[in-house]
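Here is the structure we will look at, set down as structure tokens.
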Amino acid sequence: MPELPEVETVVRGLRPDLIGRTVVGAWTDWPKVLDDVSLVELTATLKGRRISAIFRRGKYICVDLEGVFLVIHLRMTGRLYLSDRAEGDDRWVHFSLALDQNAHMAFSDSRKFGRVLLRHSLDFLEAKLGPEPLTLSDADFADILQGSTRAVKTFLLDQAKIAGIGNIYADESLLRAKIHPLTPVDRLSRKQACALGAEIRRVLEAGIAHEGASISWYRKPDGNKGESQQHFMVYGRTNLPCKVCGTAVQRTVVGQRGTHFCPNCQRR
DNA sequence: CGTGGGACCTGAACGC
DNA sequence: TGCGTTCAGGTCCCAC
């Protein structure tokens, strides 16, 4: 579910409530959510540590506990919020971090795809993720595309090339840039590549401004829905009129992901 | 290097 | 009502 705008919204919502809090324990009812560590080991490592920062890298949430990092990926249905109970406020909470003042950072995830990692360095993230799209110039984005023959939609979803774009914002960016999702990257002109970079930034920034897209599971930490879905131009609009030209939006599959595009605005 | 299939999981929506 | 199918914002692993 969550892509860059949703993850960023979660981080911004939690930050004021988390900074400065001290860990007093941890809880899980499904240890597999802890990818690389046992609950006992995680608790021993974090107990007594203070949260000094929380930030996003790609779609990962990084909680800095004085040099030790709790790294969380929400995958498809993950939610993160504060609760006054270790088991959280819904039936899908599988992990929580107990903090002082009787607060718990609850990780809810109905599909159980999400993971919580404990690391002493974030080098592993830098090794696997491409640059952040929001701070990437059009020219640098165009340079990243160099040398690839893949379908542009597939390329945008490759986190090693550029970090944070997911299925929704890939489709939305391509519509706005008027590029067909199956276009081979090496057949884009420099001008088209720069335009795509600009539209990616615009779409992601709008997604953040609307506090993320609540199609199904995603909620802000305060429990409310984001509003980004109200502004989609193609995503999830199969057979509905394109918001640019009115042509019926088509759905196809690219790289095994449902892909929405306007056959009039986005010519091959 | 790139792609396709499957795995990991559960819930919602829809057809019959 | 109940059952079967399909789809879902993501990522990893393996075969080819």
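Being a predicted model, the structure only gives us computed values, none of them experimental. Computed over heavy atoms, backbone and side chain alike; hydrogens, waters and symmetry mates excluded. Here is how names work: the chains are called A, B, and so on, in the same order as the sequence lines, proteins then strands, and each is numbered from 1.
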| said: Under 4.0 Å, counting only non-hydrogen atoms across every strand here, what does A:Tyr169 touch: a base, just sugar-phosphate, or nothing? | reply: nothing
| field | C:dG4 and B:dC9, which share atom name P, separated by this distance in whole Å | value | 22 Å
| task | Mind telling me whether A:Phe232 and A:Tyr169 have parallel, tilted or perpendicular rings, with 30° and 60° as the class edges? | result | perpendicular
| query | Within the structure shown, what part of the strands sits under 4.0 Å from A:Ser214 by heavy-atom distance: base, sugar-phosphate, or nothing? | reply | base
| message | Quick check for you: among C:dT11, B:dG2, B:dC9, whose closest atom lies nearest to any side-chain atom of A:Lys112? | response | B:dC9
| remark: note: A:Ile72, atom CD1; C:dG10, atom C1'; distance rounded to Å ~ 16 Å
| said: OP1 or OP2 of C:dT11 versus the side-chain N and O atoms of A:His73: is any pair under 4.0 Å? | reply: yes
| note | Quick note, A:Arg150 side chain, CB onward, closest among B:dG2, B:dT10, C:dG10 is B:dG2
| field | same_hphob_cluster(A:Ile162, A:Leu122) at 4.5 Å side-chain heavy-atom cutoff | value | no
| Nucleotide pairing, DNA chain B (Watson-Crick or G-U, distances under 3.5 Å), in dot-bracket with [ ] and | | .|||||||.|||||||
| Quick one: do A:Arg12 and A:Glu8 make a salt bridge, cutoff under 4.0 Å? | yes
| said: Rounding to an integer number of angstrom, what distance separates B:dG5 and C:dT6 when you compare their P atoms? | reply: 15 Å
| Atom CD1 of A:Ile165 and atom P of C:dG10: how far apart are they, to the nearest Å? | 11 Å
| task | Give a yes-or-no answer on whether the side chains of A:Thr259 and A:Lys153 include a donor-acceptor pair shorter than 3.5 Å. | result | yes
| Between A:Phe232 (CZ) and C:dA8 (P), how many Å, whole number? | 13 Å
| task | May I ask you to evaluate whether A:Gln159 reaches the phosphate of C:dG10, defined as a side-chain N or O under 4.0 Å from OP1 or OP2? | result | no
| request: Indicate whether A:Phe113 forms a stack on B:dC8; treat it as stacked only if centroid distance is below 5.5 angstrom and interplanar angle below 30 degrees. | output: yes
| request: Round to the nearest Å and state the distance from A:Met76 atom CE to C:dC12 atom C1'. | output: 14 Å
| task | In whole angstrom, give the distance that lies between atom CG of A:Leu182 and atom P of B:dG2. | result | 16 Å
| request: Please report, rounded to the nearest Å, how far the C1' atom of C:dA8 is from the CH2 atom of A:Trp92. | output: 15 Å
| task | Verify the neighbour count for atom NZ of A:Lys243: are there more than 12 heavy atoms of other residues, nucleotides or ligands below 6.0 Å? | result | yes
| Candidate nucleotides B:dG11, B:dG2, B:dC9, ranked by approach to the side chain of A:Ser110 - the nearest | B:dG11
| field | Heavy-atom neighbours of A:Arg15 CZ exceed 12 at 6.0 Å | value | yes
| message | Check for me whether A:Arg119 meets the cation-pi criterion with A:Phe124, that is, NZ or CZ under 6.0 Å from the six-membered ring centre and within 45 degrees of the ring axis. | response | yes
| message | Can you measure A:Lys32 atom NZ to B:dC8 atom C1' for me and round it to whole angstrom units? | response | 6 Å
| said: Around atom CD of A:Glu66, are there more than 12 heavy atoms from other residues, nucleotides or ligands closer than 6.0 Å? | reply: yes
| query | Choosing from C:dG10, B:dG2, B:dC9, which nucleotide comes nearest the side chain of A:Asn167? | reply | C:dG10
| request: Specify the separation, in whole Å, of atom CZ of A:Arg75 and atom P of B:dC9. | output: 11 Å
| Looking just at side-chain N and O atoms, do A:Tyr81 and A:Asp17 make a donor-acceptor pair shorter than 3.5 Å? | no
| query | Counting only side-chain N and O atoms of A:Lys128, is one of them less than 4.0 Å from OP1 or OP2 of C:dC12? | reply | yes
| said: Ring centroids only, cut at 6.0 angstrom: are A:Phe69 and A:His120 within range, meaning strictly under it? | reply: no
| Residues within residues 249-262 of chain A bordering DNA chain C, heavy-atom distance below 4.0 Å | A:Arg251, A:Arg257
